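Accompanying notes for the structure given below.
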Amino acid sequence: MLKVGKIDVFYGKFQALWDVSLNVGEREIVALIGPNGAGKTTTLRTITGILKPVQGKITFNGTELSKLPPHRIAKLGVAAVPEGRQLFEKMTVYENLLMGAYLRRKKDVEDSLEFVYQLFPRLKERRKQLAGTLSGGEQQMLAIARALMLKPSLLMVDEMSLGLMPKLVVTLFKVIERVREEGISILMVEQHVESVLRMADRGYLMEQGRIILEGTGEELLESEHVRKVYLGL
Ligand SMILES: Nc1ncnc2c1ncn2[C@@H]1O[C@H](COP(=O)(O)OP(=O)(O)OP(=O)(O)O)[C@@H](O)[C@H]1O
Ligand SMILES: [Mg+2]
């Protein structure tokens, strides 16, 4: 459904992505891994339309994204949970969730609200609390829930588990699998390389702005390079 084809992306004169190609199919969980500064966030920001590729193209269910502004891309069903969450801190949990659904018709929003409250009962309890006063873990739940309020067909998640305790990370990984059961495809950037490759159908390894390895989660887990550099084996 998502096809990123040979994109080059620059920040001014600095080239951050070189000839990057990746695909995400229907109901797939795809992992994008790699060291700090590899270009993972840049890749996601280019798919959401915040950055524009200089070369190459991106299509989503056949529609070319590379020339559309971010809100049009969102409307096609591409939602992102950004690195660092970027919540509206002075707004309540409930108001943040509504912001996630601002592109949708009012009457369609109720179902999604129920779905995210069922995924994260904690958010329902705290719906009147200001987002900025939530714990780090609760803020990450809200960031995921807000993205789901768009009722996306593709959810992209950047460093979901950063700074969270292991138990919560396990919970959020289960949430991701639950989201996939709803028919939503997932593209995940993740530092927990072993866990994400176990869960993912496929994965890509990016280094210095290039995809250097791709395969099923299993294949990547077994690759010598991944074992040595990312799993310390
Ligand atoms: N706004 C920017 N202006 C200039 N250079 C940038 C900008 N954002 C990122 N870069 C550079 O682009 C490269 C890729 O950064 P990116 O944030 O995509 O990496 P990443 O793989 O997400 O890393 P991390 O794991 O640390 O989040 C880095 O060299 C970074 O310094
Ligand atoms: Mg990043």
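Index from 1, following the sequence. In this text the structure is predicted, and so the values were computed from the model without any measurement.
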Taking atom types as modelled, is there a side-chain donor on [X] or [Y] under 3.5 Å from an acceptor on the other?
| X | Y | value |
| --- | --- | --- |
| Glu64 | Ser66 | yes |
| Glu190 | Ser161 | yes |
| Ser185 | Glu28 | no |
| Tyr11 | Thr42 | yes |
| Ser112 | Arg104 | yes |
| His192 | Glu159 | no |

Starting from [Y], can I reach [X] by hopping between I/L/V/M/F/W/Y residues whose side chains sit under 4.5 Å apart?
| X | Y | result |
| --- | --- | --- |
| Phe88 | Leu123 | no |
| Met165 | Leu172 | yes |
| Phe60 | Val9 | yes |
| Leu148 | Leu154 | no |
| Leu87 | Leu150 | no |

CA sep, side-chain torsions, deciding dist, call: Asp158, Arg85, salt bridge (Lys or Arg N to Asp or Glu O under 4.0 Å): CA-CA 9 Å; Asp158 198 353; Arg85 294 149 200 166; over 6 Å; no
Please lay out, stage by stage, how Leu142 and Phe120 fare under the test side chain to side chain contact (heavy atoms under 4.5 Å, CB included). CA-CA 8 Å; Leu142 180 54; Phe120 301 113; over 6 Å; no
If you define the side chain from C-beta out and look only at heavy atoms, does anything of [X] sit under 4.5 Å from [Y]?
| X | Y | result |
| --- | --- | --- |
| Phe115 | Glu182 | yes |
| Met188 | Ile176 | yes |
| Leu97 | Tyr117 | yes |
| Leu32 | Ile211 | yes |
| Leu76 | Asn61 | no |
| Leu220 | Tyr230 | no |
| Met206 | Thr43 | yes |
| Ile29 | Val24 | no |

How close do [X] and [Y] get, counting heavy atoms only, and between which atoms?
| X | Y | answer |
| --- | --- | --- |
| Lys67 | Lys52 | C-NZ, 4.2 Å |
| Thr133 | Leu130 | OG1-O, 2.8 Å |
| Ala80 | Thr48 | CB-CG2, 3.6 Å |
| Asn23 | Arg202 | O-NH2, 2.7 Å |
| Thr92 | Arg127 | CB-O, 3.5 Å |
| Glu83 | Thr41 | OE1-OG1, 3.0 Å |

Could you tell me which residues satisfy side-chain contact (heavy atoms from CB on, under 4.5 Å) with Ser135, sequence neighbours excluded, listed by chain and number?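 Glu138.
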Taking side-chain contact (heavy atoms from CB on, under 4.5 Å) as the definition, give me every residue that meets it alongside Glu89, ordered by chain and number, with sequence neighbours left out.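 With sequence neighbours excluded, Glu89 shows a side-chain contact (heavy atoms from CB on, under 4.5 Å) to no residue whatsoever.
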Exceeds 12 heavy-atom contacts within 6.0 angstrom, atom [atom1] of [X]:
| X | atom1 | result |
| --- | --- | --- |
| Gln86 | CD | yes |
| Glu114 | CD | no |
| Arg178 | CZ | yes |
| Gln208 | CD | no |
| Glu224 | CD | no |
| Tyr94 | OH | no |

Here's a test for you: under side chain to side chain contact (heavy atoms under 4.5 Å, CB included), which of Ile58, Ile7, Leu187, Val30 qualifies with Leu22?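 Exactly one pass, corresponding to Leu187.
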To the closest 0.5 Å, what do you measure between [atom1] ([X]) and [atom2] ([Y])?
| X | Y | atom1 | atom2 | result |
| --- | --- | --- | --- | --- |
| Met141 | Arg146 | CE | CZ | 15.5 Å |
| Leu155 | Ile144 | CG | CD1 | 7.5 Å |
| Asp108 | Met149 | CG | CE | 10.5 Å |

Before you tell me yes or no, could you show the steps for Val175 and Glu177 under side chain to side chain contact (heavy atoms under 4.5 Å, CB included), namely the whole-Å CA-CA distance, both residues' side-chain angles and the distance that decides it to 0.1 Å? CA-CA 5 Å; Val175 163; Glu177 291 193 305; over 6 Å; no
